[in-house]
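In what follows, a single structure is set out as structure tokens and then discussed.
Order of listing sets the numbers, starting from 1, for every ligand and every atom in it.
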Amino acid sequence: MIIWSIETSCDETAIAVVKASGGLSKPKFEVLTSVVSSQIAVHRPFGGVVPNLAKREHLKNLPILLQKLAKEGFDIKKADTLAVTVGPGLEPALWTGVNFAKELAKKYKKPLTGVNHLEGHIYSFLLSKSAGRLELKDIFPAVALLVSGGHTLILKMDSLTKWKKMGETRDDAVGEAYDKVARLLDLPYPGGPEIEKASSLGNGEAVSFPRPMIDQKNYDFSFSGLKTAVLYYLRDHPVKTEKDRADAAASFEEAAVEVLVKKTIRAAMDVKAKAVIISGGVAANKRLREELKSAAKKNKIKFFAPEMKFNTDNAAMVAAAAYLANLRGRRRRITAQANLTV
Ligand code: KG4
Ligand code: ZN
């Protein structure tokens, strides 16, 4: 079936057309197109996402993206269903996508599926070309680590559609910590890619930042203390050279990655997971991907991650989540639900 999907939960306006087949036992996704209009330049002067500006940009960009797809030859009349993110996210931003999708559904007489953005992230590893060949029995039970700007979660997944939360952050999400530490280092928004770039020139052992909750026998995280440790360190050791900035960035990243990897692998060992699945914007971080992959390998656990372009917010993942939600009979209200959880 052909799914047209829309994503506007934060600062990316995105539409995708995805061909889905195979059912719950062997789902296969072919991303026919996935366009994302980023608002980074709009929010950058404010150091973070401004909800009403995000709304204004989504309202402006949604028709532009739709037109772009039409020009490329994609015909919405051929869609079997439409899908839209209903939450979690910024309420004014979510409404723009929800209202736009409702109008399209009415105009073209198509069914519309409401999607949980977090489910989209979790399923984003299924969008890679090789994923269609996966045998689900070789993956589950799995442990999923979802790391984004708003969430840091560990889930135990018994199947594609059945999971339980094992742990989560008790304060800041790891992406939020990246963004805040970037600001402390005078790096622009969004901070994740900037910290990653600066880190590559620095020494991760230059500063010994705390690894909050690393040895606690739970699967929770705390990143606000790590961010505060960076704040105090920089107050006492102001950045004088690019090397100082790179060392502080690399040392922060080393601490954050070590906690994420250690707790995820412990969770995977404890539940005898066959695979670890990573997703969310922070999953774009090469150090995190590589360290989690090699720790999984060392423990004979498989590792799955989305293709680079599907880590940060996109609409293709929304189509994947819509397909699976429909198959399991999961109906969501088509209204903005800012605080939706997994
Ligand atoms: O999933 P996402 O696009 O949006 C949310 O659902 O929140 O994640 C955005 C987050 C931001 O905090 C951003 O700084 C972070 O992902 N991020 C990264 C990288 N790329 C994006 N963090 C670390 N390293 C990266 N390369
Ligand atoms: Zn996201």
Side-chain angles (χ1 to χ4, degrees), residues 5-14 16 34 36-40 43-44 47-49 51 54 58 84-90 93-94 97 115-125 127 144-153 168-169 172-185 187-200 202 204 223-224 226-227 249-250 252-257 259-261 278-292 305-318 320-321 338-342:
S5 49
I6 294 168
E7 156 64 41
T8 63
S9 67
C10 190
D11 59 343
E12 321 276 8
T13 319
S34 170
V36 180
S37 172
S38 168
Q39 303 176 4
I40 287 176
H43 299 289
R44 191 163 262 187
V49 181
H58 289 312
V84 64
T85 297
V86 294
L90 304 170
L94 287 165
V115 168
N116 181 333
H117 180 85
L118 303 177
E119 291 180 13
H121 276 304
I122 294 166
Y123 293 140
S124 52
F125 77 103
L127 296 169
L145 172 68
L146 197 169
V147 275
S148 70
H151 294 83
T152 306
L153 282 166
E168 65 190 322
T169 184
D172 290 356
V174 63
E176 193 180 348
Y178 264 89
D179 294 334
K180 287 178 175 168
V181 168
R183 227 175 296 159
L184 297 175
L185 289 169
L187 293 168
Y189 175 85
E194 298 292 330
I195 295 257
E196 172 157 41
K197 222 187 300 164
S199 292
S200 64
F223 288 103
S224 141
L226 172 56
K227 170 206 67 192
F252 159 75
E253 187 163 279
E254 182 109 349
V257 167
V259 179
L260 289 168
V261 170
I278 189 175
S279 66
V282 185
N285 187 275
K286 286 190 204 72
R287 189 188 301 214
L288 175 59
R289 284 168 95 92
E290 276 158 24
E291 294 202 3
L292 190 54
E307 267 178 59
M308 273 321 223
K309 60 177 182 275
F310 296 130
N311 290 305
T312 44
D313 290 348
N314 64 85
M317 69 185 200
V318 175
N339 299 316
L340 200 61
T341 183
V342 278

Checklist entry - Do any of the N/O/S atoms of His117, backbone or side chain, fall under 2.8 Å from the Zn ion (ligand 2)? => result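 Looking at His117, which is the residue asked about, there is an N, O or S atom under 2.8 Å from the Zn ion (ligand 2).
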Checklist entry - Checking only N/O/S atoms, does His121 have one that is under 2.8 Å from the Zn ion (ligand 2)? => result yes
Checklist outcome for this item: Between Ala283 and Ser279, the two heavy atoms sitting closest are CB-C, 3.7 Å
Checklist entry - Looking at Ala182 and Gly191, what are the two nearest heavy atoms and their distance? => result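 Nearest heavy atoms, Ala182 then Gly191: CB-CA, 3.3 Å.
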Check: [Y] main-chain N/O paired with [X] side-chain donor or acceptor under 3.5 Å:
X     : Y      : answer
Ser5  : Ala315 : yes
His43 : Pro51  : no
Thr8  : Ala93  : yes

Next on the checklist: For atom 17 (N) of ligand 1, tell me which residue out of Gly120, Ala177, Gly281 has the closest non-hydrogen atom.
Outcome noted: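 Considering heavy atoms of Gly120, Ala177, Gly281, the nearest to atom 17 (N) of ligand 1 sits in Gly281.
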Next on the checklist: Is a donor from one side chain sitting under 3.5 angstrom from an acceptor on the other, for Tyr178 and Glu194?
Outcome noted: no
Any side-chain heavy-atom pair from [X] and [Y] closer than 4.5 angstrom?
X      : Y      : result
Val181 : Phe223 : no
Leu94  : Thr85  : yes
Leu184 : Phe252 : no
Asp313 : His117 : yes

N/O of [X] under 3.5 Å from N/O of ligand 1, yes or no?
X      : result
Gly280 : no
Pro190 : no
Tyr178 : no
Thr312 : no

Item to check | Gly175 neighbourhood, listing ligand 1 atoms whose heavy-atom distance to it stays under 4.0 Å | outcome: 12 (O)
Next on the checklist: If we only consider heavy atoms of Gly150, is any one of them less than 4.0 Å away from an atom in ligand 1?
Outcome noted: yes
To the nearest 0.1 Å, how far is [atom] from its closest protein heavy atom, and which atom is that?
atom                    : answer
atom 15 (C) of ligand 1 : Val282 CG2, 3.9 Å
atom 24 (N) of ligand 1 : Asn285 ND2, 3.0 Å
atom 26 (N) of ligand 1 : Glu196 OE1, 2.7 Å
atom 9 (C) of ligand 1  : Gly149 N, 3.7 Å
atom 18 (C) of ligand 1 : Gly192 CA, 3.4 Å
atom 12 (O) of ligand 1 : Asp179 OD2, 2.8 Å

Item to check | Residue among Leu153, Val174, Leu292 satisfying side-chain contact (heavy atoms from CB on, under 4.5 Å) with Leu145 | outcome: Leu292
Record the part of [X] in heavy-atom contact with ligand 1 below 4.0 Å; permitted values are side chain, backbone, both and neither.
X      : result
His121 : side chain
His117 : side chain
Asp313 : both

Next on the checklist: With rounding to the nearest 0.5 angstrom, report the OG to CD1 distance, Ser200 to Ile195.
Outcome noted: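 Answer for the OG-CD1 pair, Ser200 versus Ile195, is 11.5 Å.
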Checklist entry - Closest to the Zn ion (ligand 2), which N/O/S atom of Asp313 is it? => result OD1
